[in-house]
Amino acid sequence: MFEVPATAERLPLGSAMEYFFDETGRLDLQAASRDSRYRPALHDSLSFGYGAPVLWVRLALHNPAAALIDAILQVEPERLERVSLFLPGPDGGYLRLDNGLRVAVAQRPLPARGLAFPLRLEPGRTLHLFFRVETRNALSFMPVLRAAAAFERNTHHEELLAMLNFGVLLGLAGFAVLLFPLQRDRTALFLGCSMVCYCLFEAAFDGYGYAYLWPNSPDWALRAPWIFVLLMQAAFNRFVKVFLRIESSDRPWAARWLNGLLAAKFVLVAGHLFGVSFVLLAPIGLVVVAVSLLSHVGFAVAALVSGYRPVRYLVLGQAITCTAAAMRIGEVSGWLPITALSSEAMTSGLFYLAELCFFAAVSRRVDLLQTERESARAAALAVQRDISARLESEVAERTSELHQAKELAERANRSKGEFLARVSHELRSPLHTILSYAALLRRDFGGKAGERLALLEDGGRHLLSLIEDLLAYARHERDTLVLAPEPVFLHRLLARLDDHGAALAAKRMNHYQSRHGENLPPAVRVDARRLEQAVLVLLSNAARYTRRGTLVLEVTAQPAAPDRVSLRFAVADSGIGIAAADLARIFQPFERAAGAGGGDGLGLGLAIARQIVQAMGGEIAVESQPGVGSRFGFTLELPLAAQDEVPVKFATTTVQGYEGPTRRILVLDDTAAHRLLLEHLLSDLGFEVRGVSTLRAAREQLAVEDFDLALLDQCLPDGSAWDLLSELSPGLPAILISAMPPAPPPGLAAALRFEAVLLKPLVSDELLDAMGRVLGLRWVETEVETADGEDVVGGV
């Protein structure tokens, strides 16, 4: 219920709206008023683009004052075909008022250009309103309540601005057309025609055409903006083609492309004139207009790069035009809400500024043409005088070329690093493509397939890192290895190593074991990528030289200082082993142990791993016996880190929400950054979230509110998540979130368990997958485009 102040001159009602879509379009008011699918609006306006079904909106307006309020309910924009308002009638029923493009101005509730309805709010009474919106045009809906006097002033203000707008546009268009015979330049003629069409487009787009020019043609009012904007684009297409001299250039494909766009626009205009389905033509028209704008900008930028000076003003004008057009396209397509940024005043002002830039470009082009004609005459007079100079210049140029060729040959002998840089690009580019498609497939599948694709993606990223390290080693840059230590959750890092180790072991039918010490700290400060790279080198070597055996990764910890820990990493295998004579040389570049066979790789792995460990202050040691196996290990002394120091972030997810009623989530985490990020993530997806930092606060929330799911941190200042587990109601599931593996207290009942256990930092896909499984949610997803090779999984 929305309380209406008696003195409000303009009152947006978006916060009071609730809406749902009638996919059948057959519901009457009685059925729509009882429908349970209403959901609150998130903005002052609703924007859904083309092809939306019938929209039902309900509002409840309350007059808290003791006086009667007479107001005008205005619906923006004016392009909707039919808006029906249902008002409570005196007999207990509802009175229907119709407005829109399919209702003549004289038959509207108020004889105005816009969509307006008179309202009377009785003192102390609540008025329940229902809207039914049906349109083939872009569905945007924003109700605004205005005082009657304010509505009249606003109407006069809009009419005055419209007259000024059309007067300025027609004046500029007439001036452009007059330039054609004066300057004998066709660009001025095409620019003037484009501006005339834009003036007609503005008149049709803002409802002036239907109100004053064609009041009895609702279908034409619907199609006229598209016809005029396509004609405007066609004229501007010719302007760009002549201005950039594309017809006489050495780029015939550019001329064919612009001719194709021109033909497409005329086909769309013909389709509108002959009554082809508007729902089909409108989205195609949007695409053609957008492609035309981008094509014009692209050709102009190419001309600017080539040194064509007059195009500077053209590029500036097109950038401004694209900005204004993006606002309009975003509004009518439902990508942007109706705001002041997309208002007519803003976009018209940008178009005026763009037209001034186009006039400046035409003026510069005329000056350049005159300069070129004068230069041509001067060049013709100086041809004979320049022949001798050109011959001397050519001789000097050939001598210079021979000298440069000699220098290039000598430089090529010293510049192998440049070759390696090119090789780096050739190796990385296809690998980036593979990683991008792996990420897309992982999002599409999920489950076991998603986990395996995630391992594939991680392995590819590790391979990319190894390629970069190999090239850096070849360029003798390893002596300047720079580490980037940062706080990380140790158990999450070990979990990734275990996943990779298990995958490596499975390739040769080996059994993988992971042995983690009980006193491992939750978080340390280390360059996780480099440490992971060094351990994976040891695991990869162990897997390569072991078949149907065992691979073991051991990680133990010992206190080193009050704020430091000594971590011991060891990789053991039951493979072929290494002879004593080979132990001294296996860490040298391009060296392999005897019996290595024809395995893949260049023999750089151990050399790189040793340099990484040495840079971290450790040293790799090896013990091996031929036929029995090998054991590689190293010890690192690392600073401890607090959990709240670990960077928290989530990557962009394809999940935008979920279907069904709002779910209430309790988040218990004593680390403020982790708790707040979970609250923001889940709130953005439509959950109602309560975040607390102690067991006491959690118990208080559970006593006064009902929740659908609890997300509980294991270690808390006043206890553990296990203490709260036994107190949860039988119907409240819980998920454990911890920086360390689960540690239930002794004697805990077997029936008490968490629905899922997640390690910090949380991975967004894992969290949403677990929540969806526990709550039985059906996620609403959209496709997300990522830059080449830049798809990543974020964590908390």
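Predicted, not measured: the structure shown is a model, and the values here were computed from it.
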Cationic N near anionic O, under 4.0 Å, Glu623 to Arg631 = no
Shortest non-hydrogen contact between Pro53 and Leu139, atoms and distance | O-CD2, 4.0 Å
Would you confirm whether the ring centroid of Phe687 sits within less than 6.0 angstrom of the ring centroid of Tyr658?
-> yes
Using only heavy-atom distances, determine whether the side chains of Asp498 and Ser514 contain a donor-acceptor pair under 3.5 Å.
-> yes
Say whether, by atom type as modelled, one donor and one acceptor occur between the side chain of Asp670 and the main chain of Pro717 under 3.5 angstrom.
-> no
Ring pair (Phe, Tyr, Trp, His ring centres under 6.0 Å) between Phe489 and His674: does it pass, once the steps are laid out?
-> CA-CA 13 Å; Phe489 285 116; His674 297 180; 5.7 Å; yes
Determine, for Arg690 against Glu679, whether the closest basic-nitrogen to carboxylate-oxygen distance falls under 4.0 angstrom.
-> no
Flag, side chain of Asp723 to backbone of Ser720, donor-acceptor distance under 3.5 Å | yes
Decide yes or no for Leu712 and Leu695: does some side-chain heavy atom of the first lie under 4.5 Å from some side-chain heavy atom of the second?
-> no
Nearest heavy-atom approach of Gln714 to Pro742 is OE1-CA, 3.3 Å
Asn519 side-chain N/O to Ala557 backbone N/O, donor-acceptor pair under 3.5 Å = yes
List for me each residue that meets side chain to side chain donor-acceptor pair (under 3.5 Å) alongside Ser540, sequence neighbours excluded, and say none if there are none.
-> none
Go through Arg568 and Thr556 one step at a time and tell me if the side chain to side chain donor-acceptor pair (under 3.5 Å) criterion holds.
-> CA-CA 5 Å; Arg568 175 68 180 173; Thr556 57; over 6 Å; no
Are the charged groups of Arg699 and Glu727 less than 4.0 angstrom apart, N to O?
-> yes
Thinking salt bridges, do Arg610 and Glu619 make one under a 4.0 Å N-O criterion?
-> yes
Determine, for Glu532 against Arg496, whether the closest basic-nitrogen to carboxylate-oxygen distance falls under 4.0 angstrom.
-> yes
Would you call Glu766 and Arg492 a salt bridge, using N to O less than 4.0 angstrom?
-> yes
Of all heavy-atom pairs between Val689 and Leu682, which one has the smallest distance, and what is that distance?
-> CG2-CB, 3.6 Å
Looking only at heavy atoms, the pair that brings Leu539 and Gly501 closest together is CD1-CA, 4.1 Å
Can we call the ring centroids of Phe141 and Phe48 under 6.0 Å apart?
-> no
Nearest heavy-atom neighbours spanning His491 and Leu759 = O-CD1, 4.0 Å
Relative to Phe20, does Arg39 satisfy both conditions: NZ or CZ under 6.0 angstrom from the six-membered ring centre, and within 45 degrees of the ring's axis?
-> no
